[in-house]
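Notes follow once the structure below has been shown.
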Protein chains: 2
Amino acid sequence: MISKKMKYAIKALCYLGEHSQSQMVVKTQDISNYKKIPKKFLEQILLELKKAKIVNSKQGNEGGYYLLKNTKDINLADIYRIFEGPIALIACASENFYQPCEDCIDESNCKLKKSIKTVRNETLESMKKITIFSLQ
Amino acid sequence: MISKKMKYAIKALCYLGEHSQSQMVVKTQDISNYKKIPKKFLEQILLELKKAKIVNSKQGNEGGYYLLKNTKDINLADIYRIFEGPIALIACASENFYQPCEDCIDESNCKLKKSIKTVRNETLESMKKITIFSLQ
DNA sequence: ACTTATTCTATAGAGTTAATAGAGTTTGTG
DNA sequence: CACAAACTCTATTAACTCTATAGAATAAGT
């Protein structure tokens, strides 16, 4: 299950996809109003998306946020990694967040790791097909 | 990412699959020793597996646990649902733990729900292929 | 200078996770 | 029939995460 944070992020990105033309920014307040997301919480979410180079911002009066990528190039796997972490069910099977298990004796022969890796790869392919464009 | 609880459960089930013959029970203490699982925590896990009718137990002296199913008939999706809940990333896309979104206006036309349902179905198929038998 | 926006850091309450503890119940055995 | 050894059940705890709020700092257009 994804967090409210990630669900808010998806909604915010959809709103940006629909309203931020090139060189046109959208205010946090607008996203908050139309997508019913607590404004202060949304600010944190947008900052994380900015750190991940999915969006960028313009400061000051008449500032706001805009997408850095085409909506077809932002997929569910990207967003999941930002807000939820690894797609793999166990860290040892992750490509982007790899960590060995504490108690693992022979990782290269671990059947659980191999299996979880397969699930990960298939879930990843599913997730990649879902883009902000496809959600609009 | 799965919890330690679920990982312990998988290990315990593997141990039971290898050591519990028909009408032969395995002591919690043995599983705890060989799989390095805190005994008291393991007891809770086994009780949950019993409630889910994956294992059964025999009380008293010379008691213990044994599998109720063939190891080929216990898959990762079953275990995931017991310990982590829905496989779907959002409850409205879940079959076994369905719950509507609080703020949803038109669920039947929600593109996010449709997409998450697809991811769920594909992940479910991946998970079903992983059984306790295949992990031994 | 003023207004209005983003940026950054802190905090708080609720809930979850991982683990421990202990009393209660069941059953085989001497 | 008492004892030992196992499962059963409930409670508690510390650490952590999630959700949300708050406020001061910074930036930029008018």
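Reminder, nothing fancy here: chain letters follow the sequence lines and each chain counts from 1. Only heavy atoms go into these numbers, but all of them, side chains included; no hydrogens, no water, no symmetry mates.
In the helix from C/dA1-D/dT30 to C/dG30-D/dC1, the rotation axis of the first five pairs and that of the last five pairs differ in direction by 0°, rounded to 10 degrees.
With rounding to the nearest 0.5 angstrom, the CG atom of A/Leu112 is 7.5 Å from the SG atom of B/Cys14. If you take CG on A/Leu76 and OG on A/Ser134, they are separated by 8.5 Å, rounding to the nearest 0.5 Å.
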Enumerate, atom names and distances included, each donor-acceptor pair closer than 3.5 Å involving a side-chain atom of residues 67-74 of chain A, sequence neighbours excluded.
residue : atom : partner : partner atom : Å
A/Asn70 : OD1  : A/Lys72 : N            : 2.9

Please tabulate, for the side chains in residues 88-99 of chain B, all donor-acceptor contacts under 3.5 angstrom to protein atoms that are two or more places apart in sequence or on a different chain.
residue : atom : partner  : partner atom : Å
B/Ser94 : OG   : B/Asn96  : N            : 3.3
B/Ser94 : OG   : B/Phe97  : N            : 2.8
B/Tyr98 : OH   : B/Glu107 : OE1          : 3.0
B/Tyr98 : OH   : B/Glu107 : OE2          : 2.9

Residues 41-53 of chain B, side-chain donor-acceptor partners within the protein, below 3.5 Å, at least two apart:
residue : atom : partner : partner atom : Å
B/Glu43 : OE2  : B/Lys39 : NZ           : 3.3
B/Glu48 : OE2  : B/Lys5  : NZ           : 2.7
B/Lys50 : NZ   : B/Ser57 : OG           : 3.0

Ignoring hydrogens and angles, write down the donor-acceptor pairs under 3.5 Å from the side chains of residues 30-38 of chain A, residues two or more places apart or on other chains.
residue : atom : partner : partner atom : Å
A/Ser32 : OG   : A/Ile37 : O            : 2.7
A/Asn33 : OD1  : A/Gln29 : NE2          : 3.2
A/Asn33 : ND2  : A/Gln29 : O            : 3.3

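Applying the side chain to side chain contact (heavy atoms under 4.5 Å, CB included) test to B/Asn109 and every residue at least two apart in sequence or in another chain returns B/Asp106. For B/Thr118, the side chain to side chain contact (heavy atoms under 4.5 Å, CB included) criterion is met by B/Glu122, not counting sequence neighbours.
Interface limits on DNA chain D: the 5'-most and 3'-most nucleotides within less than 4.0 Å of chain B heavy atoms are D/dA5 to D/dA11.
Shown for residues 38-60 of chain A: residues whose heavy atoms fall under 4.0 angstrom of DNA chain C, namely A/Lys40, A/Glu43, A/Gln44, A/Leu47, A/Lys50, A/Ser57, A/Lys58, A/Gln59, A/Gly60. For the contact set between residues 1-15 of chain B and DNA chain C, defined by any heavy atom under 4.0 Å, the members are B/Ser3, B/Lys4, B/Lys5, B/Tyr8. Near DNA chain C, defined here as any heavy-atom distance below 4.0 Å, there are no residues from residues 73-80 of chain A.
Rounded to whole Å, atom C1' of C/dC2 lies 10 Å from atom CG of A/Asn61.
When hydrophobic clusters are built by joining Ile, Leu, Val, Met, Phe, Trp and Tyr residues whose side-chain heavy atoms come closer than 4.5 Å, directly or via intermediates, B/Leu124 is not grouped with A/Ile87.
Among residue pairs with one or both ends in residues 67-90 of chain A, none qualify as ring-ring contact (aromatic ring centres under 6.0 Å, His included); sequence neighbours excluded.
Using modelled atom types and a 3.5 Å distance limit, the side chains of B/Tyr65 and B/Asn56 yield no donor-acceptor pair.
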